[in-house]
Amino acid sequence: MKVLVATDGSEFSRAAVGKCCEMFNESENTAVRIISVAETRVPPIEPFAVSADYFLEINAEARKHANEVVLQAEAEVRNHFSDLAIDLTTKIIVGSPKQAIVEEAKDWGADIIIVGSHGYGFWQKALLGSVSDSVMHHAPCSVLVVR
């Protein structure tokens, strides 16, 4: 089984990583791919222009955060699956999380996507986040949304 875990480091994303470890605890024929999507920001055009360096710095920080999140999730999964023959890969994707998660699931041939119910962002207090909602409606496979 191919399990795609999408994380942004939020409390709900960490719960999704934990649920993956719980669900596939004894599954030796499981491949897990952990991804994090660094959402890039595009500089606005005039009259609201801001320094291009500012956006380069924001985008670099987004990639750095995504890398840190993936490393933490990878360490948790490796610790949990220490005795199992698990195929574990990680990937940082730059783009829109809504699109990138679904595209990665299609390209990799995922059997299930595990994602947190909502993450960091403006709508973090919503009942269901816009990313998880979009993934549920567009994914090519089953989706487990973890609260």
Side-chain angles (χ1 to χ4, degrees), residues 1-45 48 50 54-82 84-147:
M1 173 168 274
K2 289 184 165 186
V3 181
L4 180 68
V5 181
T7 181
D8 65 1
S10 67
E11 173 187 351
F12 296 98
S13 287
R14 289 190 306 272
V17 172
K19 182 57 89 172
C20 172
C21 292
E22 178 185 312
M23 287 180 65
F24 300 99
N25 185 336
E26 299 176 16
S27 191
E28 292 186 20
N29 296 320
T30 300
V32 177
R33 175 165 291 172
I34 302 168
I35 65 167
S36 188
V37 182
E39 191 168 11
T40 57
R41 306 286 183 217
V42 178
I45 56 173
F48 305 106
V50 179
Y54 175 75
F55 283 95
L56 289 173
E57 187 175 322
I58 287 176
N59 291 336
E61 282 298 316
R63 285 188 293 280
K64 179 181 174 190
H65 175 74
N67 189 54
E68 290 169 357
V69 164
V70 163
L71 290 175
Q72 289 170 356
E74 179 185 20
E76 181 176 346
V77 172
R78 286 198 189 280
N79 183 45
H80 193 80
F81 287 102
S82 60
L84 299 177
I86 188 165
D87 179 17
L88 176 62
T89 57
T90 62
K91 190 171 185 180
I92 306 299
I93 302 171
V94 176
S96 164
K98 293 176 186 180
Q99 294 173 340
I101 294 168
V102 171
E103 288 174 12
E104 183 64 21
K106 286 179 187 174
D107 293 346
W108 188 53
D111 296 306
I112 187 168
I113 300 169
I114 303 177
V115 65
S117 62
H118 52 276
Y120 294 127
F122 181 74
W123 295 105
Q124 67 185 358
K125 297 203 187 221
L127 184 59
L128 186 66
S130 62
V131 171
S132 55
D133 185 58
S134 181
V135 169
M136 280 189 339
H137 288 92
H138 297 98
C141 58
S142 296
V143 178
L144 174 61
V145 179
V146 180
R147 196 152 164 73

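Atom set for the values below is all heavy atoms of this structure, side chains included, hydrogens, waters and symmetry mates excluded.
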Hey, what do you get for CZ (R78) to OG1 (T90), rounding to the nearest 0.5 Å?
8.0 Å
Other residues, nucleotides and ligands only: do more than 12 of their heavy atoms fall within 6.0 Å of CD on E68?
yes
Evaluate the side-chain proximity of I112 to V143: yes if any heavy-atom separation is below 4.5 Å, no if none is.
no
Residues forming a side chain to side chain contact (heavy atoms under 4.5 Å, CB included) with I58, sequence neighbours excluded
R41, Y54
Could you state the interatomic distance from CD (Q72) to CG (N67), rounded to the nearest 0.5 Å?
10.0 Å
Does some side-chain heavy atom of L144 sit less than 4.5 Å from a side-chain heavy atom of I113?
no
Mind checking whether V5 and K19 have side chains closer than 4.5 Å, heavy atoms only?
no
Decide yes or no for D133 and V135: does some side-chain heavy atom of the first lie under 4.5 Å from some side-chain heavy atom of the second?
no
NE2-CG distance between H80 and L88, expressed to the nearest 0.5 angstrom:
12.5 Å
d(E74 CD, T89 OG1) to nearest 0.5 Å is 9.0 Å
With distance as the sole test, does S13 use its side chain to make a donor-acceptor pair with the main-chain N or O of T7 at under 3.5 Å?
no
In sequence, state the C-alpha distance, the side-chain angles, and the governing distance for V3 and F24, and then conclude on side-chain contact (heavy atoms from CB on, under 4.5 Å).
CA-CA 9 Å; V3 181; F24 300 99; 3.6 Å; yes
Using modelled atom types and a 3.5 Å cut-off, is there a donor and acceptor pairing between side-chain atoms of H138 and backbone atoms of S134?
yes
Enter the distance from L71:CG to E76:CD here, rounded to the nearest 0.5 Å.
13.5 Å
Roughly how far apart are W108 CH2 and I35 CD1, rounded to 0.5 Å?
9.5 Å
Any side-chain heavy-atom pair of S36 and I93 under 4.5 Å
no
Side chain to side chain, V77 and I34, heavy atoms closer than 4.5 Å:
yes
Close side-chain approach of F12 and V146, heavy atoms under 4.5 Å:
no
Could you tabulate the donor-acceptor pairs under 3.5 Å formed by side-chain atoms of residues 97-106, not counting sequence neighbours?
unit_1	atom_1	unit_2	atom_2	d
E104	OE1	K91	NZ	2.9
E104	OE2	R33	NH1	2.6

Heavy-atom closest pair (D111 atom, M1 atom, distance to 0.1 Å) is OD2-CA, 3.3 Å
Would you call V37 and D8 a side-chain contact if the rule is heavy atoms closer than 4.5 Å?
no
